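Down below is the structure, laid out as structure tokens.
Residue indices begin at 1 and follow the sequence shown. Remember, predicted model here, so these are calculated numbers, not experimental data.
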Amino acid sequence: NINIPTLCHHPALSNWGGCRMCVVEVDGSPRLAASCVSPVREGMEVVTSNDRIVEHRRTILEFIFAERNHNCMFCPLSGDCELQQMAYDLQVDHLTVSTSFDHFPIDITSEYLGLDHNRCILCGRCVRACHEIAGADVLNFQNRGPESLIGFDLDETRDRSTCFSCGVCLQVCPTGAIFN
């Protein structure tokens, strides 16, 4: 019952360790380990929170905010954004790093689902949900580096893709980047 923050983890999905918010100290190692993908073993000593770990999590969170435009008008109104809640929990109320985001496209070609790449944190939950729960393999990462996006099929718009609008991606998205 120890709260360890995470953005890429969801209980219905396989563990990925992509967001690095769940880092912990294991056996006094100088390297922090992603707890969601670290195998448990007998006698393992784990520190889940100290000044170093909290500072690391705050830094990662700042980079996430600086990479895309998360000045979203919907989150304060809905109160249902895991990214916003994590910022509150870790007391990240301003950025100490420069923003580097460009404007990314918004796909509203479907009457059922929209995808705002500006709010996406590339946590991969939607990709794993599409594959593991829906069995559809429609969503995947495309491009590299700062141009990375979640894409439908091979760079299709939502309405031209093989997506059958099951909505499982919408249900697992922690930021509201996928919306209806």
(request) Kindly state each residue pair satisfying side chain to side chain donor-acceptor pair (under 3.5 Å) with at least one member in residues 31-48, sequence neighbours excluded. (result)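 Matches after skipping sequence neighbours: Asp27-Arg41.
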Which atom of [X] lies closest to which atom of [Y], heavy atoms considered:
| X | Y | result |
| --- | --- | --- |
| Arg20 | Ala34 | NH1-CB, 3.1 Å |
| Ala129 | Val168 | O-CG1, 3.9 Å |
| Met44 | Pro39 | CE-O, 3.4 Å |
| Leu139 | Cys169 | CD1-CB, 3.8 Å |
| Cys19 | Ile60 | O-CG2, 3.4 Å |
| Ser14 | Arg128 | O-NE, 3.1 Å |

To the nearest 0.5 Å, tell me how far [X] [atom1] sits from [Y] [atom2].
| X | Y | atom1 | atom2 | answer |
| --- | --- | --- | --- | --- |
| Asp89 | Glu82 | CG | CD | 11.0 Å |
| Cys163 | Arg158 | SG | CZ | 4.0 Å |
| Gln91 | Arg58 | CD | CZ | 6.0 Å |
| Asn140 | Asp155 | CG | CG | 12.0 Å |
| Ser110 | Asn180 | OG | CG | 10.0 Å |
| Leu149 | Asn118 | CG | CG | 9.5 Å |

(message) If the condition is ring pair (Phe, Tyr, Trp, His ring centres under 6.0 Å), which residues does Tyr112 pass it with, not counting sequence neighbours?
(response)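 With neighbours one apart ignored, the set is empty.
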(message) Checking Phe65 now: which residues fulfil ring pair (Phe, Tyr, Trp, His ring centres under 6.0 Å) with it, not counting sequence neighbours?
(response)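 Checked Phe65 against ring pair (Phe, Tyr, Trp, His ring centres under 6.0 Å); matches are His70.
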Do [X] and [Y] sit in the same hydrophobic cluster, where Ile, Leu, Val, Met, Phe, Trp and Tyr count as joined when their side-chain heavy atoms come under 4.5 Å apart?
| X | Y | value |
| --- | --- | --- |
| Val172 | Val127 | no |
| Leu170 | Leu122 | yes |
| Leu95 | Phe63 | no |

Applying side chain to side chain contact (heavy atoms under 4.5 Å, CB included), can you list everything that pairs with [X], at least two apart in sequence or on another chain?
| X | answer |
| --- | --- |
| Cys173 | Thr175, Ala177, Ile178 |
| Asp93 | none |
| Glu156 | Asp153, Arg160, Ser161 |
| Glu147 | Asp102, Asn143 |

Is any side-chain heavy atom of [X] less than 4.5 Å from a side-chain heavy atom of [Y]?
| X | Y | result |
| --- | --- | --- |
| Ile133 | Leu13 | yes |
| Leu83 | Pro174 | no |
| Leu61 | Arg57 | no |

Which pairs would a plain distance check flag for residues 1-10, meaning a side-chain donor or acceptor within less than 3.5 Å of a matching protein atom at least two apart in sequence or in another chain?
{"from": "Thr6", "atom 1": "OG1", "to": "His9", "atom 2": "N", "distance (Å)": "3.3"}
{"from": "His9", "atom 1": "ND1", "to": "Asn15", "atom 2": "OD1", "distance (Å)": "2.9"}
{"from": "His10", "atom 1": "ND1", "to": "Ala12", "atom 2": "N", "distance (Å)": "3.1"}

(message) Under 4.5 Å side-chain heavy-atom separation, chaining through any Ile, Leu, Val, Met, Phe, Trp or Tyr, what else clusters with Phe179? Say none if it is isolated.
(response)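 Members alongside Phe179: Ile106, Ile108.
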(message) Which Ile, Leu, Val, Met, Phe, Trp or Tyr residues join Leu32 in one cluster when any pair of side-chain heavy atoms under 4.5 Å counts as a link?
(response)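 Other cluster members: Val23, Val47, Ile53.
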(request) Only pairs at least two apart or in different chains count here, so list each ring-ring contact (aromatic ring centres under 6.0 Å, His included) that has a residue in residues 123-162. (result)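 Sorted pair list: Trp16-Phe141.
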(message) If the condition is salt bridge (charged side-chain N to carboxylate O under 4.0 Å, His left out), which residues does Glu62 pass it with, not counting sequence neighbours?
(response)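 Once residues adjacent in sequence are excluded, Glu62 has no partner under the salt bridge (charged side-chain N to carboxylate O under 4.0 Å, His left out) criterion.
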